[in-house]
2 protein chains.
Amino acid sequence: MTAVFDTLSDPLPRRLAAGLSRLSVALRAGQWRLAEARGLSPTQAQALAVIAARSGPGRPAPRLSEIAAQLAITRATASDAVSTLERKGLVMRQPDPRDGRAAGLALTEEGRTAAQDAGDWPAMLLDTAADLSPAEQEALLRLVVKMIRGLQVRGAIAPARLCVTCRYFRPYAHEDASAPHHCAYVDAPFGDRHLRLDCPEQDPLPDAEAGAVWTRFATGASGAMSTL
Amino acid sequence: MTAVFDTLSDPLPRRLAAGLSRLSVALRAGQWRLAEARGLSPTQAQALAVIAARSGPGRPAPRLSEIAAQLAITRATASDAVSTLERKGLVMRQPDPRDGRAAGLALTEEGRTAAQDAGDWPAMLLDTAADLSPAEQEALLRLVVKMIRGLQVRGAIAPARLCVTCRYFRPYAHEDASAPHHCAYVDAPFGDRHLRLDCPEQDPLPDAEAGAVWTRFATGASGAMSTL
DNA sequence: AGATAATATGTAGGAGTCCTAACTAGTCAA
DNA sequence: TTGACTAGTTAGGACTCCTACATATTATCT
């Protein structure tokens with residue numbers, strides 16, 4: 001094949017890591033720029049977003065440890081960030097009725113408003129993603145999901161609420177190439193482009209069963225990749 | 001098609017941003033963990049890597065501003081990081097013969113050693129990438145390159161030394177689907193899986209000409225995507 | 001019941017990150 | 001030579017992120 005470049009280049013996984021790292025640099029920088037406008041630092045904004053995503057009627061209030069795990073920071077750092085959010089009047093700590101040690105985190109009215117902006121990504125990133133063709137966006141989402149799951153399995157990040165590790169996920173249950181999967185929770189078919197990264201309804205499969213479902217998803221042929 | 005999820009879900013670019021952000025969290029955390037072992041903070045390690053990548057015999061010594069631009073931080077922050085590296089004996093500042101204001105940055109012997117480790121990514125990330133099939137790795141690299149170029153065009157990140165913006169790049173110059181492109185510098189064919197993100201030989205095309213080359217690359221059909 | 005271990009969180013201290021603003025010194029062009 | 005840039009540094013402040021260590025509460029084991 002192409003002996004020259006195959007031996008000359010860095011291994012592909014290494015370049016992938018470098019590429020993702022570059023994107024990560026751009027993301028961080030964008031978050032700092034947004035931070036100023038909103039009076040929130042990147043970590044604070046992320047913490048706010050996690051709290052918002054995990055709050056809801058009839059759902060237990062998220063805890064500090066949960067924030068720390070999701071952001072892959074220590075509890076001490078998370079405590080700092082939450083204290084600052086509290087000082088800014090966006091978050092309230094409430095004693096947890098079921099565990100006197102724990103502090104349940106809830107958004108204030110202001111916090112709810114701020115959290116909506118906090119989910120805003122730098123426009124440049126959204127525009128760049130939107131410039132990809134729909135098929136490319138779908139392929140990228142699928143690949144990103146695979147990377148996230150891989151990191152999760154290796155313990156590098158906290159469990160994300162992914163479709164592909166959910167009790168209600170049925171990979172390749174339908175013939176329709178544009179929506180081959182099935183969500184048994186809403187009982188509807190869907191495709192790779194609908195895969196979620198943080199679904200509130202997600203109910204994680206135990207490890208024993210997760211492997212088989214994952215394999216079916218990961219190896220399943222998808223006919224919609226031809227136009228890349 | 002799948003009306004339910006199409007209207008129910010966050011827009012795809014938004015979820016892509018969220019997904020990349022999660023990967024970015026994992027990356028940062030991994031860098032902090034590595035940092036400890038090496039006595040270098042993430043920024044210092046990145047700065048060291050940039051200096052190493054841009055140093056070389058017969059090449060002008062990289063400047064501080066270049067580091068700042070590549071890492072998307074201010075010159076002040078870069079100055080801090082480089083000062084620390086200097087204090088640790090890994091980097092030397094040398095007066096630039098052609099510009100008395102500028103300080104050329106060079107690695108010490110120790111710095112050269114340290115820079116090799118600094119290019120090491122968290123093993124978990126490399127392993128996860130390596131778990132993807134070769135076709136998937138190639139597809140992801142291509143998509144990451146597209147994202148980087150998009151962010152670069154929008155001014156969100158400093159110019160990367162990409163094949164796709166290089167004077168010597170000839171997209172789809174060959175029939176061979178596994179190596180359709182051609183590098184006129186080494187005069188050899190190569191494929192998407194060989195795309196580089198920081199090639200020392202890269203010579204950027206002027207904007208006027210870059211658009212046409214890019215379009216040919218971006219829209220070119222690739223036959224190797226069927227097994228995703 | 002009482003002692004012990006484990007858990008959830010908070011505090012303190014220190015190095016590092018990252019910014020803006022102000023400053024020095026060198027370059028370049030009119 | 002003067003004025004406008006440009007490269008880099010410094011100072012100050014908010015925030016990030018860590019490792020200890022301290023505190024309260026819950027779980028567990030005799």
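Computed from heavy atoms alone, side chains included, the values below leave out hydrogens, waters and symmetry copies. Just so it is clear: chains get the letters A, B, ... in the order the sequence lines come, proteins before strands, and each one is counted from 1.
Taking for each of W32(A) and G104(A) the nucleotide of DNA chain C with the nearest heavy atom, the 5'-most of the two is the partner of G104(A). In this structure, A76(B) and S41(B) both approach DNA chain C, and ranking their closest nucleotides by distance from the 5' end singles out S41(B).
Legend: salt bridge (charged side-chain N to carboxylate O under 4.0 Å, His left out) pairs involving residues 77-93 of chain B, not counting sequence neighbours, sorted by first then second residue: E86(B)-R93(B).
Heavy atoms of other residues, nucleotides or ligands lying less than 6.0 angstrom from CZ of R98(A) number 12 at most.
In this entry the distance linking CG of L105(A) with P of dA8(C) reads 14 Å, nearest Å. Between the CZ atom of R75(A) and the C1' atom of dA12(C) there is a distance of 17 Å, rounded to whole Å. The distance between atom CG of D96(A) and atom P of dA24(D), rounded to the nearest whole Å, is 18 Å. In this structure, L40(B) atom CG and dA15(C) atom P are separated by 16 Å, rounded to whole Å.
The shortest distance between side-chain heavy atoms of L141(B) and H194(B) does not fall below 4.5 Å. Side-chain contact between R161(B) and R54(B) is present, with heavy atoms from C-beta onward closer than 4.5 Å.
Between dT16(D) and Q44(A), a contact under 4.0 Å exists linking OP1 or OP2 to a side-chain N or O. Note on T77(A): every side-chain N or O is 4.0 Å or more away from OP1 and OP2 of dT16(D).
Within 4.0 Å (heavy atoms only), A78(B) reaches no atom of the nucleic acid at all. If you check every strand for non-hydrogen atoms under 4.0 Å, R33(A) touches nothing. Within 4.0 Å of R93(A), counting heavy atoms only, lie sugar-phosphate atoms of the nucleic acid but no base atom.
Looking only at atom types and distance, the side chain of Q202(A) has a donor-acceptor partner in the side chain of T165(A) under 3.5 Å away. For T113(A) and E110(A), the side-chain atoms include no donor-acceptor pair closer than 3.5 Å. In this model, no donor atom of one side chain and acceptor atom of the other lie less than 3.5 Å apart for R15(A) and S9(A).
With distances taken from any side-chain atom of T43(A) to the nucleotides dG10(C), dT16(D), dA11(D), the minimum falls on dT16(D).
Figure legend: R142(A) and F217(A) shown as a cation-pi pair, the cationic atom lying under 6.0 angstrom from the six-membered ring centre and within 45 degrees of its axis.
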Distance-only check: which donor-acceptor pairs under 3.5 Å involve side-chain atoms of residues 19-27 of chain A, not counting sequence neighbours?
unit_1: R22(A); atom_1: NH1; unit_2: Q70(B); atom_2: OE1; d: 3.3
unit_1: R22(A); atom_1: NH2; unit_2: Q70(B); atom_2: OE1; d: 3.1
unit_1: S24(A); atom_1: OG; unit_2: S24(B); atom_2: OG; d: 3.4

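Heavy-atom distances under 4.0 Å link DNA chain D to D80(A), K88(A) of residues 79-89 of chain A, given in residue order. Non-hydrogen atoms lying under 4.0 Å from DNA chain D are contributed by I73(A), T74(A), all within residues 52-74 of chain A.
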Can you give one letter per nucleotide of nucleotides 23-30 of chain C, going 5' to 3': B for a protein heavy atom under 4.0 Å from the base, S for sugar-phosphate only, - for none?
--BBS---
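Residue F190(B) comes nearest to C183(B) through the heavy atom pair CE2-N, 3.5 Å, listed as atom of the first residue, atom of the second, then distance. Of all heavy-atom pairs spanning P171(B) and H181(B), the tightest one is CA-ND1, 3.6 Å.
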With salt bridge (Lys or Arg N to Asp or Glu O under 4.0 Å) as the test, would you mind laying out the steps for R112(A) and E109(A) before giving the verdict?
CA-CA 5 Å; R112(A) 239 182 301 282; E109(A) 203 48 58; 3.4 Å; yes
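An end-to-end axis angle of 20° holds for the helix from dA1(C)-dT30(D) to dA30(C)-dT1(D), taken from five base pairs per end and rounded to 10°.
Atom OG in S55(B) sits 5.0 Å away from atom CG in L107(B) (nearest 0.5 Å). Atom CD1 of I73(B) sits about 12.5 Å away from atom CZ of R28(A), to the nearest 0.5 Å.
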